[in-house]
Amino acid sequence: MSRMQPELKLRLKALQAPMESPLNKGHQSNGSEPPNDATLRNTPCPICQEKFEPTWSEEEQDWIWQDAVRVGPRIYHASCYNEVTKDGPARNPEPQARTSTPDSVLGKRKAEVYSKSHRGHRRQYISLPYPVLPALSHLSTAFVRDLLLDPKARDAGDVAHQVAAVASSSSKERAEQFISSVGIPGPCAAYGSYEELAADPNVQVVYVASPHSHHYQNVMLLLEAGKHVLCEKAFTVNAAQTRILCETAKKKNLFLMEAVWTRYFPLSIQVRQLIQQGAIGEVLRVVADTSFGDDVENTFPPSHRMVNPDLAGGALLDLGIYSLTWVFQTLYHTLPKEQRKAPAVTSQITPYHLTGADESTSILLSFPTSTPSNDSHPKRSQGVALTNIRCAGDPDEQGTAGPNIRIQGTKGEIQVFGNPFRPTKYRVIPKKGLGAVRDVECPFPAGGRGMYWEADEVARCLRDGRLESAGMPWEESIVIMEVMDEVRRQGGLKYPESIESTKYPLQL
Ligand SMILES: NC(=O)C1=CN([C@@H]2O[C@H](COP(=O)(O)OP(=O)(O)OC[C@H]3O[C@@H](n4cnc5c(N)ncnc54)[C@H](OP(=O)(O)O)[C@@H]3O)[C@@H](O)[C@H]2O)C=CC1
Ligand SMILES: O=C1OC[C@@H](O)[C@H](O)[C@H]1O
C-alpha cells in the first residue's frame with residue numbers, strides 16, 4: 001500500500017501489497033474507493049476497456065468499486081487482472097517465439113458465433129480462433145459478450161448470434177478455459193488447432209484474430225475448407241496476399257470481410273451520410289490521428305506483436321489502419337464506386353530502435369477526387385493519416401487535446417472524438433453563418449463494446465447471399481493494403497519473406 005500514489009486513495013480490502021506487481025497472481029478485491037482524480041476515475045480498465053461502476057456500500061457508507069485492483073500506475077478490474085495473469089506474467093521480459101498482448105493493447109476477440117436469420121431460418125456461424133492467454137481473455141470476453149447481447153437493444157431484431165465453438169492453436173484446454181470463463185452457453189465445441197475447426201462441418205463462418213503475419217495462412221486454410229471468413233485488420237501483410245484471398249473467396253463463392261469494426265458503427269455511417277448529403281460542402285481535407293502514448297520499451301517486449309516484425313508488427317498495420325480507415329471512408333467510400341480513385345502516397349516512417357518495426361508513421365494522401373460531388377474545383381482532396389505508439393493523440397484521455405479526426409469541407413467541418421477505432425461523439429461545425437454547432441453523442445447500446453455491429457453485418461451478408469460487405473468492399477481493402485505497401489516501401493520497412501509470401505500452405 002505504501003507505494004501507491006497517495007492521490008488515488010485507493011483502498012483495497014482483500015488485496016494488499018501483491019497488487020503492486022503485475023507479476024503477482026490471483027488477486028482478489030471485494031471493493032475499493034473510486035479514486036478522487038477525475039482522469040483515473042474515468043479511465044476504463046486497460047484490459048476490458050469497460051468503465052468501473054461505483055456501487056453504494058452500506059457497510060462502508062461510501063461509494064466503492066466492487067472489483068478493482070491497482071497495479072503500478074493503473075487500475076484494473078480484479079477479475080480481468082486475475083484472468084490475464086493466471087497462466088503467468090502479463091508481460092514477458094524476454095523475447096519469445098510467440099507472445100501475446102499486454103494489457104494496454106485491446107481487442108482479443110475470438111470465439112465462434114452462430115447467427116440465425118429470423119427471416120430465412122438459415123444457420124450461420126462465425127468462429128473465432130482465440131489467442132493465447134494471458135493477454136487476450138478480457139477482450140475476447142467483451143467481444144463474445146457483445147455478440148450474446150440482445151440484438152434488439154441495438155435495433156437489430158433481424159439477426160441473432162450464438163457462440164458455437166472456440167479454437168486455440170495452442171491447446172484445447174485454452175479453448176475450454178475460454179468457453180467456461182466467458183460462460184458461453186452450450187453447445188460450444190473446443191478445438192486445440194485451427195485445422196480441427198476448419199474441418200468441423202457445423203462451422204460456416206470463422207472469425208480470425210491471430211497476428212497480422214498469420215492472417216493469410218489462416219484465412220486460406222478456412223477458405224480452402226469452405227468456410228466464410230471475417231478476418232481482423234490489417235487484413236494481411238501486403239496487398240498481394242489480400243488480392244489472393246479475395247480471388248479465392250470469389251472463386252469458392254464464400255463470404256470474406258476485413259473486420260474493420262469502426263466502419264459499422266452508427267457514428268461512422270452517420271458521418272458518411274452527412275458527407276454524402278453535402279452537410280459540410282465539398283470535402284477537401286481529412287486529418288486522422290491514431291496514436292497511443294505508450295512507454296514502448298516498458299510496455300512491449302520486442303517479441304510482442306505490436307513491435308515484432310516477425311508478426312508484421314508496428315504502428316502502421318495495427319493502428320495506422322484506423323487513420324487510413326477515416327481518410328478512406330470519408331474521401332473515397334463516400335463517392336460512387338466508379339468515381340473512387342486510389343491516392344498518391346507520400347510518407348515518413350520512424351523505426352523502433354529495438355526491432356525495426358515502425359513506431360511512428362505519417363502519411364499524406366492525395367486523391368484525384370473530392371467528395372461528395374467530385375465536380376467542383378479543385379477536384380482534389382488530401383488525407384493526412386498519422387499513427388504513433390510513443391506519443392498520444394489524446395494524452396489525458398479526456399479529449400482535451402481536441403478531436404482525433406477532422407473532416408474539412410467547403411461549408412464546414414465534422415470532428416470525431418474518442419479513439420479513432422471506437423469514437424463516441426461527433427461534432428458538426430457549419431461555416432460561419434450557415435447554422436449552429438451540433439454535437440451528437442453515439443452511445444454503445446446495452447453497454448457493449450461495439451463489435452456486434454460488424455458481426456450483424458456478417459450475418460446479414462450471409463443471409464442475403466452477399467460475398468462481400470458494401471461497408472468494407474474487397475476492392476477498398478486492397479487499395480488500403482496497397483497504400484500501406486507503398487508506405488513501407490518508402491520507409492524501408494520490410495517484413496520477413498515468409499510472412500510476405502503468397503505461398504500456401506506455408507509453415508510460419
Ligand atoms: N478490432 C480491434 O479492436 C482489435 C483488433 N486486433 C487485431 O486482432 C488480431 C490479434 O490481436 P491480439 O488479440 O491483440 O493478439 P495477441 O497477440 O493477444 O493474440 C494473438 C493470438 O493469436 C494466436 N496465434 C496464432 N499463431 C500465433 C503466433 N505465431 N504468435 C502469436 N500468436 C499466435 C494465439 O492464440 P492461440 O494460440 O490460442 O491460437 C495468440 O494468443 C490482430 O490482427 C490485431 O490487429 C487487436 C486488438 C483490437
Ligand atoms: O485494433 C486495435 O484497436 C485497439 C488497439 O489497442 C489495438 O492495438 C489494435 O490492434
Can you find a heavy atom in the side chain of Lys379 that is under 4.5 Å from one in the side chain of Thr369? no

Short N-O contact, Arg489 and Glu486, less than 4.0 angstrom: yes

With distance as the sole test, does Ser323 use its side chain to make a donor-acceptor pair with the main-chain N or O of Leu386 at under 3.5 Å? yes

Is it true that Asn388 and Ser291 share a donor-acceptor pair across their side chains at a distance under 3.5 Å? no

Report yes or no: do Tyr426 and Gln415 form a side-chain donor-acceptor pair below 3.5 Å? no

Inspect the contact between Asp294 and Arg390 and indicate whether a charged nitrogen and a carboxylate oxygen are less than 4.0 angstrom apart. no

With a 4.5 Å heavy-atom cut-off, do Gln490 and Ile349 have their side chains touching? no

Holding to ring pair (Phe, Tyr, Trp, His ring centres under 6.0 Å), I want the full list of residues that pass it with Trp453, two or more places apart in sequence or in another chain. Phe265, Phe444

Flag for Thr361-Gln348: side-chain donor and acceptor within less than 3.5 Å: no

Between His215 and His212, what is the ring plane arrangement, given parallel below 30°, perpendicular above 60°, and tilted in between? perpendicular

Using a 4.5 Å cut-off on heavy atoms from C-beta on, say whether the side chain of Gln382 contacts that of Leu331. no

Contact check, side chains of Arg272 and Thr330, non-hydrogen atoms, under 4.5 Å: no

Looking at every heavy atom in both Tyr495 and Gly313, which two are closest together, and how far apart are they? OH-O, 2.8 Å

Any side-chain donor near an acceptor of the partner, Glu258 and Ser477, under 3.5 Å: yes

Answer yes or no: is there an ion pair linking Arg243 with Glu482, defined by an N-O contact shorter than 4.0 Å? yes

Val271 side chain near Gln329 side chain, heavy-atom distance below 4.5 Å: no

Could you measure the distance from the OG1 atom of Thr248 to the CG atom of Leu254? Nearest 0.5 Å is fine. 9.5 Å

For Phe367, check ring pair (Phe, Tyr, Trp, His ring centres under 6.0 Å) against everything at least two apart and list the hits. Phe328

So that I can tick it off, tell me whether Arg488 and Asp358 are bridged by a salt bridge, with the cut-off set at under 4.0 angstrom between side-chain N and carboxylate O. no

Any side-chain donor paired with an acceptor under 3.5 Å for Arg380 and Ser366? yes

Would you confirm whether the ring centroid of Phe421 sits within less than 6.0 angstrom of the ring centroid of Phe292? yes

Separation of Met306 CE from Leu311 CG (nearest 0.5 Å): 12.0 Å

Taking 4.0 angstrom as the limit, do Arg427 and Asp439 come out as a salt bridge? yes

So does Thr371 get a backbone contact from the side chain of Tyr332, meaning a donor-acceptor N/O pair under 3.5 Å? no

Any Lys/Arg nitrogen of Glu224 or Lys252 sitting under 4.0 Å from an Asp/Glu carboxylate oxygen of the other? yes

In Å and rounded to the nearest 0.5 Å, what is the CD to CH2 distance from Glu247 to Trp474? 10.0 Å

Hey, mind stepping through Glu297 and Leu354 against side-chain contact (heavy atoms from CB on, under 4.5 Å) and telling me if it holds? CA-CA 8 Å; Glu297 287 79 358; Leu354 292 182; 4.1 Å; yes

Any luck finding a side-chain donor-acceptor pair between Tyr216 and Thr242 under 3.5 Å? no

Using the rule side chain to side chain contact (heavy atoms under 4.5 Å, CB included), only one of Ile275, Leu274, Asn374, Val283 pairs with Thr334; which is it? Ile275

